[in-house]
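Below is one structure; the comments refer to it alone.
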Amino acid sequence: RKEVEQDPGPFNVPEGATVAFNCTYSNGASQSFFWYRQDCRKEPKLLMSVYSSGNEDGRFTAQLNRASQYISLLIRDSKLSDSATYLCVVNIYNNDMRFGAGTRLTVKP
Amino acid sequence: EAGVAQSPRYKIIEKRQSVAFWCNPISGHATLYWYQQILGQGPKLLIQFQNNGVVDDSQLPKDRFSAERLKGVDSTLKIQPAKLEDSAVYLCASTPGAGQNYGYTFGSGTRLTVV
């Protein structure tokens, strides 16, 4: 089993749609979790951290389920500019981050 | 604040040649990471430094890859000799320390093509 697994995608959605990505992780002792966004031929950039109680940043909502070892990212009211690859990241220990393969999102007019 | 600087941006070499990449982290960041990202995959950690000491190099192919961070600031990653499967983007990242909740700041990466 991979350390971090994500929905394979690609997701193609119209503008204004709501889309959700899931990610599962294998190490139950993982301490912290993040979502990164990566645009084509660019470096990954931190989108948001994921907290145990769930957290929201504008149109983006992240959830963590430690019992089931998965995290999710919900994007509401999708914009064309949300088109990117979304990487699930799990901090195994001492800032040793493990990345998922990413889920590609395309938002269409 | 200045970001993580990497050079070169692109490099094309023939297999069996050598190549070196350079990274300068954000000022004051003690922890520096090198990642390899193959097309279609997520980044994979190669090596983590805390100041000038190696914290984790378990996934570094030590027969051909080496890295150093002599003065605890900038770092170089070397591949000698290169193989076709080394074609990837090499990303450098830094964090203030090795705590649990730091998100990474990545440099723009070096895109290596081995032909």
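Sequence lines set the chain letters: A, B, ... in the order given, protein chains first and strands last, and positions in each chain run from 1.
Contact annotation for B/Q59: only side-chain heavy atoms (C-beta onward) come within less than 4.5 Å of a heavy atom of chain A. Neither the backbone nor the side chain of A/Q6 has a heavy atom closer than 4.5 Å to any heavy atom of chain B.
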- Task: Verify side-chain contact (heavy atoms from CB on, under 4.5 Å) between B/Y104 and A/F34, making sure each step is shown before the conclusion.
- Result: CA-CA 10 Å; B/Y104 284 176; A/F34 306 88; over 6 Å; no

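The two atoms that bring B/G42 and A/L87 nearest to each other are CA-CD2, 4.4 Å, heavy atoms only. Here the closest non-hydrogen pair linking B/L91 and A/P44 is CD1-CD, 3.9 Å.
Classified by interplanar angle (parallel below 30°, tilted 30° to 60°, perpendicular above 60°), the ring pair A/F99/B/Y35 is perpendicular.
With a 6.0 Å radius and a threshold of 12 heavy atoms from other residues, nucleotides or ligands, A/R104 has its CZ atom at or below the threshold. Residue A/Y70 qualifies as open at atom OH: its count of foreign heavy atoms under 6.0 Å is 12 or below. Within a 6.0 Å radius of CD in B/Q80, no more than 12 heavy atoms belonging to other residues, nucleotides or ligands are found. Surrounding CG of B/L84 are more than 12 heavy atoms belonging to other residues, nucleotides or ligands, all under 6.0 Å away. Within a 6.0 Å sphere centred on NZ of B/K71, heavy atoms belonging to other residues, nucleotides or ligands number 12 at most.
B/F21 and B/F65 end up in the same hydrophobic cluster when Ile, Leu, Val, Met, Phe, Trp and Tyr side chains are linked at under 4.5 Å. Residues B/W22 and B/I47 fall into different hydrophobic clusters, defined by Ile, Leu, Val, Met, Phe, Trp and Tyr side chains chained together at heavy-atom separations under 4.5 Å.
Here A/E3 contributes atom CD and B/K44 contributes atom NZ; the two are 11.0 Å apart, rounded to the nearest 0.5 Å. With rounding to the nearest 0.5 angstrom, the CD atom of A/E43 is 10.5 Å from the CD atom of B/Q37. Between A/K45 atom NZ and B/F106 atom CZ the span is 12.0 Å, to the nearest 0.5 Å.
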